[in-house]
Structure formats: C-alpha cells, structure tokens
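Hydrogens, waters and symmetry mates are skipped; everything else that's a heavy atom, side chains included, is used. Positions are given from 1 along the sequence. Every number for a ligand or one of its atoms is a count from 1 in the order of the listing.
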Amino acid sequence: MKRTIALLAGDGIGPEVAEVARRLITALSDVAGIRLNVEDHPIGGAAIDAHGEPLPKATLQAALAADAVLLGAVGGPKWDALPPERRPEAGLLALRKALDVYANVRPVRSVPALGNLGPLFAAEPIDLVIIRELTGGLYFGRPRGISGGVGARQAIDTLVYTEAEIERIVRLAFKMAEQRSGRLTSVDKANVLTSSRLWRDVVERVQADHPSVTVRHVLVDAMAMELVQKPWVHDVIVTENMFGDILSDLGGALVGSLGLLPSASLGERGPHLYEPVHGSAPDIAGRDAANPTGMILSTAMMFEHSFAMPDVARAIAGALDDTFADGFRTADLVRPKASAAEDGGDALRVVGTQAFGDAVIERAVARLKARGVYA
Ligand code: NAD
C-alpha cells in the first residue's frame, strides 16, 4: 500500500530539519520496502510570501487527504508586524483545528550520553510525557482584539473550554497512564480560573473509570517548580493548551535542548500531525546549526502511530542513541564554557544539521537491516 506524507517545512530552521526527515523517510522506506510518497506544501511565512495567506487551501486539502502530516516550524521576524489572524502562527493553529488534532503528546526523555547540559538539567534521568490540549483554550478564544486609542487601549483574550473538549483529552491521558506507570498529574490553576475548576471536576469524574490510575492535581505555578526540582516524580502530565506550551519548553531545558523534543498531535481519526516542539529559531536559521532530533523523533512517532510500524520507530530512536553515544553533537548540545573533559573530551564531534542527520540515517538503516526483518 502506498502512503502519502504531507511535508510542511515552514520557516526558519523548519526547512532544514524537514530535509533531514525527508532523507530519513526515503532511506528507511527503501530498506523496509514500503511505499511512502512525500509531498511538499507551503505553510506559515513561506505560504504568505508565495500565496498571500499562511494556510493556503491547497495545503489544507493536501493535509486532510494525506495519511500523515509532518511539519517543521512556522514564524519569524519578517512577518511579526502582521495582524494575529494573518501571521504564520495563524496558519498552524488553523491546521491543527481543521485536522482536529486535540491531543499534543510530547515525550520528554533524557539522553544518557549527553551528560550535564546546564543549570536546569535534571539530576536524575527523566522519562515523562506531557499531554497538551491543542485545539481549545486561550489560543482559540473569541472575541479577541484591541480597542480604544493609544494610552487607553483595552486588549481582550478569552479562555473557553467545553466539558467535551476537556473530557476527550483527559480520557486519552488516563489511557496513557494505564499503559505506563499508572501515575497521572493534572495541571491547572483551579484556585483562580473557572475553566480550571471545570477541568479538575472532569478529571475527577473520569477517574472513576480508571481506578488503577493515581491522580495528583498540581497548580501550574507549583508544577513549574516541581519540574525543575524533581521532574522524575512525574510520568504522564495532562494540561490545557497554554500551560502545556510553556511547561514543555521547560521540559526541553531539563533534557538539554528544546531541539531534542518531538511531538505527535493526535485526533480521533487522523491524519495526525507530527512536529518538533521547537519554533523556527530565527537566531540560528540558515546556518545548518539546528538540532534535527525533535524532527527525527517526530518522524519516529509518525511511523509508530500513523503507520503501525513500531520496529521502524524503534530503529530511529535507537539510531539517535547510537549517534549521541558515538560523540556526535549539534552546537546547542555543547556548553560554551564547559571544559572538554566535562563534555566528553576529544571524542565529541560537533557537526551541522545535515551531517548529524546523515549519522542518524546511516545508523537507523543499519539497525533495521540487522534486525533481519527487512532485506
Ligand atoms: P524557538 O523555539 O524558535 O527558539 C527558542 C530558542 O531555542 C532559540 O534560542 C533557538 O535557537 C533554540 N532552538 C529552537 N529549536 C532549536 C533546534 N532545533 N536546535 C537548536 N536550537 C534550537 O522559539 P522563539 O525564538 O520564541 O520563536 C521563534 C519563532 O518561532 C516565532 O515566530 C514563534 O512564533 C515561532 N514558533 C513556532 C512554533 C511552531 O511552529 N510550532 C513553536 C514555537 C514558536
């Protein structure tokens, strides 16, 4: 069976990490003998420049018709002055809404070979999952806007959650907690926000259907502290859209770089959307300096969730571990002031995005071949 992947590279470092994903997919499909068709479509600033809108109809139709959607990143200073509804980010929000991918699953895992990478780096290994509600809350509030004259302006954002929106993501989180350690942390701001009180109420109601899962409710401010002080006590974390956005960037710092984190945005049916957690990183764009790990692991999640090929996903994740263990690093994984000995000595090979991608692809192909499943 032939499957189609819509590849939306986007802006900044998006096209650089998307290129690695494309070569990885081609190499692995050749080895595994599967037919994967990668189709490129514009989104974000690139689409504004080419077609005058951040999510052209043709891109949306191609995404809806694909078997999976893989996205780089959108946004950048060039388009910052545009009104919110015409900015690159509006294209991504509209795509998530149209695909109805309400559950953004963000694994945060330490890479053993990396060593200590800075002040927030977790002292113990961590392996947790942040499940962020993706299609409701503040980022989709209506009405919104600024009124009044300069000096007396008023800005409005609204935070709306329906019980159904909360319930579907909470149910998914309980299921994931059952498959993992049986521990679920629900993060809210129930001491202040009414939407959080509804959130907590729904979590408690759904808990009755999952008696084996232990739930802790933690306020988002306390959660920021706990994630820094003792992240290893958490396993599955479920939270609303904005809190999940902020806490998962903190997750990047805990494991060494935002560039390491992947995500899968899942809906009831699919196509699902896979994208690294990071943005378009304009500060390093165009320099072959981006860490493609988040994109590579997002591709692995695509093989697992959309194509039911966990062996390919495992080969990719294993190849990444091998690549790090062999000393390959992108620049974000090297502390500027660390001594060579602290960071792994002369064994470290600091390389660009594409060379790092090549090292992973070579090892992933070798792993798949070694398993003997594929010729
Ligand atoms: P960012 O995630 O782009 O960058 C934050 C910091 O992390 C930067 O210092 C950057 O260099 C570094 N970084 C990010 N990804 C990296 C990688 N793969 N390798 C190495 N270093 C990496 O966030 P920002 O700077 O706040 O936002 C830049 C633009 O990206 C904005 O226009 C923003 O709206 C957009 N954005 C898009 C998405 C998305 O497309 N999903 C997500 C977040 C931000």
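- Scored by the side-chain hydrogen bond (donor to acceptor under 3.5 Å, both in side chains) test, K230 finds no partners at all (sequence neighbours excluded).
- With no hydrogens or angles considered, a side-chain donor-acceptor pair links W79 and D49 at under 3.5 Å.
- Near A290, meaning under 4.0 Å from any of its heavy atoms, are these atoms of ligand 1: 19 (N).
- At least one N or O atom of E89 sits closer than 3.5 Å to an N or O atom of ligand 1.
- Polar contact check, N291 against ligand 1: a nitrogen or oxygen pair lies under 3.5 Å apart.
- Listed by atom number, the atoms of ligand 1 under 4.0 Å from L92 heavy atoms are 39 (C), 40 (O), 41 (N).
- At a heavy-atom cutoff of 4.0 Å, ligand 1 is contacted by both the backbone and the side chain of V74.
- Between I284 and ligand 1, not a single N/O pair is under 3.5 Å apart.
- Side-chain atoms of N37 and R35 include no donor-acceptor pair closer than 3.5 Å.
- Closest to atom 29 (C) of ligand 1 by heavy atom, among A289, P77, S280, is S280.
- Contacts with ligand 1 closer than 4.0 Å are made by no heavy atom of V17, backbone or side chain.
- Contact annotation: for I13 versus ligand 1, heavy atoms closer than 4.0 Å belong to the side chain alone.
- Between V277 and ligand 1, no pair of N/O atoms sits closer than 3.5 Å.
- Of the heavy atoms in D332, only side-chain atoms (C-beta onward) come closer than 4.0 Å to ligand 1.
- Between the choices A281, G12, G44, P88, the shortest heavy-atom distance to atom 3 (O) of ligand 1 belongs to A281.
- Residue-ligand proximity, G76 to ligand 1, at heavy-atom distances under 4.0 Å covers atoms 32 (O).
- At a heavy-atom distance under 4.0 Å, no atom of P276 approaches ligand 1.
- Those atoms of ligand 1 that come under 4.0 Å of a heavy atom in G279, given as number and element, are 1 (P), 2 (O), 3 (O), 30 (O), 36 (N), 37 (C), 38 (C), 42 (C), 43 (C), 44 (C).
- Shown here are the side chain to side chain contact (heavy atoms under 4.5 Å, CB included) partners of P84, two or more places apart in sequence or in another chain: there are none.
- Within 6.0 Å of CZ on R205 lie more than 12 heavy atoms contributed by other residues, nucleotides or ligands.
- Judged by the 6.0 Å distance and 45° axis criteria, K189 is not positioned over the aromatic ring of F243.
- Those atoms of ligand 1 that come under 4.0 Å of a heavy atom in E275, given as number and element, are 41 (N).
- Tested against R109, the residues D235, D321, D127 include a single salt bridge (Lys or Arg N to Asp or Glu O under 4.0 Å) partner, D127.
- Taking every heavy atom of G75 and a limit of under 4.0 angstrom, the matching atoms of ligand 1 come to 32 (O).
- Applying side chain to side chain contact (heavy atoms under 4.5 Å, CB included) to L128 and the options L227, L254, V236 leaves one that passes, L227.
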